[in-house]
Amino acid sequence: MKEIFPKKYDFNKQEKHWLAFWKKNKIYRFDNQSSRPIYSVDTPPPYVSAAHLHAGHIMSYSQAEFVVRYKRMKGFNIFYPMGFDDNGLPTERFVEKKYNLDKSKISRSDFIKLCLKETKTGAQNYRDLWTSLGISVDWTKIYSTINALCQKVSQWSFIDLFRKGKVYRQEEPVLWCPFCQSALAQADLEDETVNSSLNYISFSVDNKKYPIATTRPELIPACVAIFANPQDQRYFSLKNKKAAIPLFDYSVPVYFSPEVDPKFGTGLVMVCTWGDFEDIKKFKEFKLPIREVLNQAGEFNDLGGRLKGLGITAARKKILDDLLKENLLVRQEKIKHVINTHERCGTPVEFVLAKQWFIKVLESKKELLEKGKKLNWYPGHMRHRYESWIKGLKWDWCISRQRYYGVPFPVWYCQDCGEVIPALEKDLPLNPAEVKPPVSNCPNCRSVRFIPEKDVMDTWATSSCSPFIIPELVKNKKIRAKIFPNSLRPQAFEIIRTWLFYTIVKAHHHFNKLPFKDVMISGHGLDEKGKKISKRLGNYIKPSILLKEYGADAIRYWATGATLGSSHRFNLKEVEKGKYLVTKLFNASRFCANYLSGFKSRPEDNYRLEPEDDWILHELNQTVKEVTLAFEKYEYAKARNDLDKLFWATFCDYYLEMIKHRADEASVRYVLYRCLLTILKLYAPILPFITEEIYQRLFRENEKKISLHLADWPRPNENWQLAPKDLKEIGYFISEIDGIRKEKVARKLRFKELLTGYTPRTKVNLTLFGKKLQEMLAVEFGEAE
RNA sequence: GGGUGCUUAGCUCAGUUGGCAGAGCAUUCGGUUUACAUCCGAAAGGUCGUAGGUUCAAGCCCUACAGCACCCACCA
């Protein structure tokens with residue numbers, strides 16, 4: 001058998017070989033002709049800006065991959081595409097950082113060129129890694145969010161929502177990043193706790209001083225009103241009075257609102273244009289005037305007076321100095337407080353008055369919560385995150401960004417009356433700056449002058465279309481209809497409030513449907529000490545090194561250890577264990593090869609099975625049931641554990657030892673054939689390379705299927721199932737013996753000795769066993785000999 | 001402030017519907033001439049976060065509390 005099984009398994013060489021084999025034979029292609037049920041996966045398109053790939057990426061993408069391979073063998077026609085998210089702010093930020101660019105100092109077209117170049121490299125990095133890991137994506141079904149198809153779908157989505165009245169354009173204070181100089185959505189924010197000071201500043205009413213506490217003293221020139229709680233006796237006298245603004249020569253009215261907390265600071269609040277959400281609320285409620293002192297870059301304008309030209313930090317320092325000089329700064333308290341920053345650049349956000357496009361979400365909160373209840377969540381508790389996000393929403397989804405590299409809005413405006421002119425669906429995708437509107441006169445005022453929209457869409461406005469982008473990768477319309485809604489959305493927990501939420505919003509508005517049936521939420525990969533893996537900490541091993549040292553199967557083995565939704569520590573020992581398992585599988589198979597050479601499985605044959613054969617087939621059958629059930633519930637970790645136990649502890653350590661003296665028996669060859677093939681199939685979703693290797697060497701000729709990964713998933717065989725009574729009769733004590741746990745007994749027994757002298761009715765020699773077990777067995781079988 | 005999850009052997013973690021506390025790694029000891037980049041067997045190692053409760057029986061169910069992680073809210 002030497003020529004069939006070499007002494008060693010060279011995984012580096014063989015993994016490459018099987019990758020080429022799968023590619024050449026199109027093993028993972030979606031089948032356009034098939035009538036089998038489709039299992040479609042809305043694969044997360046990674047940001048190509050995540051250039052530093054590590055175990056965390058491997059983990060989250062492997063999890064969906066295990067399930068997909070299982071479903072493929074279960075007989076589903078797998079639609080497993082891959083996308084790359086390469087438009088929008090994340091990409092722009094990545095390029096800006098890498099080349100140290102300033103958006104205002106580079107031409108739009110040069111900038112876009114750089115973005116395209118970088119995204120190409122980034123996408124290739126991902127593709128190389130996924131390929132080497134054996135991720136069974138159909139690489140003929142790929143998309144990038146900046147390509148024509150995605151632009152077309154997201155522009156269609158916009159126009160459809162426009163027609164349905166689900167988007168609107170409005171000028172109002174929006175979340176604004178002064179660094180990126182763009183509007184943002186609520187989901188783009190991150191919390192940051194900062195050490196700050198609460199400054200008590202003297203305002204005066206009728207020449208009497210009233211200190212007001214604020215963390216934003218630089219916004220004094222933007223102050224438009226003072227507020228107090230209507231129950232607060234200290235300030236009753238301020239009713240209908242005006243307060244003089246310190247350092248700036250104007251006054252503002254005093255108002256009362258129950259929302260003011262009398263216990264905070266002095267119980268007086270200055271309301272500005274606009275320091276926070278409460279300011280905006282009062283601005284709307286009390287119809288306050290606007291005093292915009294910041295420009296879009298976060299610098300003070302003319303209205304800022306002495307602060308003109310300064311940035312926020314400098315302005316804060318200057319105004320505190322000036323206040324101190326003028327004796328207007330009563331005191332300062334050091335406080336920790338939470339500010340909102342832009343998650344892409346860490347800059348504290350401001351509010352700027354600007355005309356933006358919004359998708360309506362606030363009015364649909366209830367329906368969106370209902371949709372969340374109908375979705376199958378794995379794990380179930382992740383639904384709470386979705387719900388708490390919706391409950392806390394304060395803004396509709398702002399989708400316009402004042403940026404370059406993204407999908408353009410397919411609209412023009414009438415220069416005279418402002419009428420919105422949407423593009424025609426048949427003309428998509430298009431850039432309104434480059435083509436003329438579909439009308440020659442404004443339908444409202446007959447004007448002939450139009451202005452194209454220059455803003456681009458939020459990147460999520462495109463990626464949230466993924467469930468209806470991916471069917472477009474198939475030509476046949478009937479098949480497209482079967483791909484949506486998708487079967488599975490796998491994704492990480494931190495984008496529940498963005499990708500998942502937005503996708504559900506879109507599918508709701510467009511089709512009143514859920515975009516997918518199941519959602520599978522993965523956790524984070526952590527380093528060995530439990531810290532988040534990051535480039536800055538350098539706390540990870542490069543995937544290329546892991547692949548070279550341990551092989552793809554071994555890394556995948558580690559990845560199965562991650563429970564859905566929980567973070568999972570990287571553990572080199574687990575990777576090593578995976579490598580040992582691969583070796584063990586290879587060696588055990590090499591051993592079996594000696595028996596299986598030339599063996600033809602004939603189901604009609606009646607083999608004379610020995611008790612240990614019955615037993616191992618029984619165990620095998622049990623494991624098939626367990627593993628199948630586990631995969632159905634996306635519990636690949638449990639599947640792997642059950643399988644390890646069967647293969648290593650039961651099949652190798654016991655069964656193979658027992659049958660060594662029966663090399664020439666047909667029954668043994670039959671049982672070995674069934675066991676090994678089934679074990680390979682069960683391991684196939686997790687360890688695709690080694691299982692294929694062994695399948696090709698030992699089983700391909702008989703089984704005919706070109707690849708193990710297209711073989712049928714094992715089905716339980718009731719003929720192999722032994723009643724507890726029979727197991728007991730056989731005397732192996734393997735299964736439940738009057739409530740004695742299976743494993744516990746099996747582990748303690750010394751099978752080699754037991755079997756050497758075995759005949760069905762022989763009394764067991766109890767001296768072979770340990771004391772505890774002797775007692776247990778004595779109860780079971782009467783007195784010892 | 002509200003919520004979710006977690007807390008089990010030195011380490012990393014399993015523990016299905018309540019029924020004699022588990023695996024791997026690490027440690028110690030023994031064995032190994034033929035499938036084994038070793039492998040096999042055994043030992044040792046635990047007040048299952050704390051305190052109550054339900055039950056014949058609780059790691060598991062209930063209540064309270066503590067610590068850790070994350071989500072949401074607060075943001076003058």
What one should report as the nearest heavy-atom pair of A:Ala55 and A:Ile533 is CB-CD1, 4.4 Å

How many Å lie between [atom1] on [X] and [atom2] on [N], as a whole number?
X: A:Glu494; N: B:rU4; atom1: CD; atom2: C1'; value: 16 Å
X: A:Lys394; N: B:rC72; atom1: NZ; atom2: C1'; value: 11 Å
X: A:Tyr378; N: B:rU4; atom1: OH; atom2: P; value: 21 Å

Check your understanding: Touch check for A:Gly392, heavy atoms < 4.0 angstrom, all strands: base, sugar-phosphate only, or nothing?
Key -> sugar-phosphate

The dot-bracket string of RNA chain B, counting Watson-Crick and G-U wobble pairs with both distances under 3.5 Å, using [ ] for crossing pairs and | for pairs to another strand, is (((((((..((((.....[..)))).(((((.......))))).....(((((..]....))))))))))))....

Which of these nucleotides, [options], is closest to any side-chain atom of [X]?
X: A:Lys7; options: B:rA35, B:rC39, B:rC70; value: B:rA35
X: A:Arg385; options: B:rA76, B:rA73, B:rC70; value: B:rC70
X: A:Arg590; options: B:rG24, B:rA35, B:rG5; value: B:rA35
X: A:Thr563; options: B:rA76, B:rC71, B:rA14; value: B:rA14

Report task. Answer yes if the side chains of A:Asp553 and A:Tyr683 hold a donor-acceptor pair under 3.5 Å, and no otherwise. Result -> no

Within 45 degrees of the ring normal and closer than 6.0 Å to the centroid, is that where the cationic atom of A:Lys282 sits relative to A:Phe227?
yes

Just checking [X] against [Y], ring centres under 6.0 Å apart?
X: A:Tyr673; Y: A:Phe699; answer: yes
X: A:Tyr386; Y: A:Trp377; answer: yes
X: A:Tyr9; Y: A:Phe5; answer: no

Can you tell me if [X] touches the phosphate of [N], counting only side-chain N or O atoms and a distance under 4.0 Å to OP1 or OP2?
X: A:Arg497; N: B:rC71; answer: no
X: A:His337; N: B:rA76; answer: yes
X: A:Thr215; N: B:rA76; answer: yes
X: A:Asn199; N: B:rA76; answer: no
X: A:Gln186; N: B:rC72; answer: no
X: A:Lys281; N: B:rC74; answer: no
X: A:Trp389; N: B:rA73; answer: no

Here the gap from A:Arg383 atom CZ to A:Tyr378 atom OH, rounded to the nearest 0.5 Å, amounts to 13.5 Å

What residues 263-273 of chain A contributes to the RNA chain B interface at heavy-atom separation below 4.0 Å is A:Phe264, A:Val269, A:Met270

When A:Ile212 and A:Leu393 are each assigned the nearest nucleotide of RNA chain B, the 5'-most assignment goes to A:Leu393

Check: More than 12 non-hydrogen atoms from neighbouring residues, nucleotides or ligands closer than 6.0 Å to NZ on A:Lys13, yes or no?
Finding: no

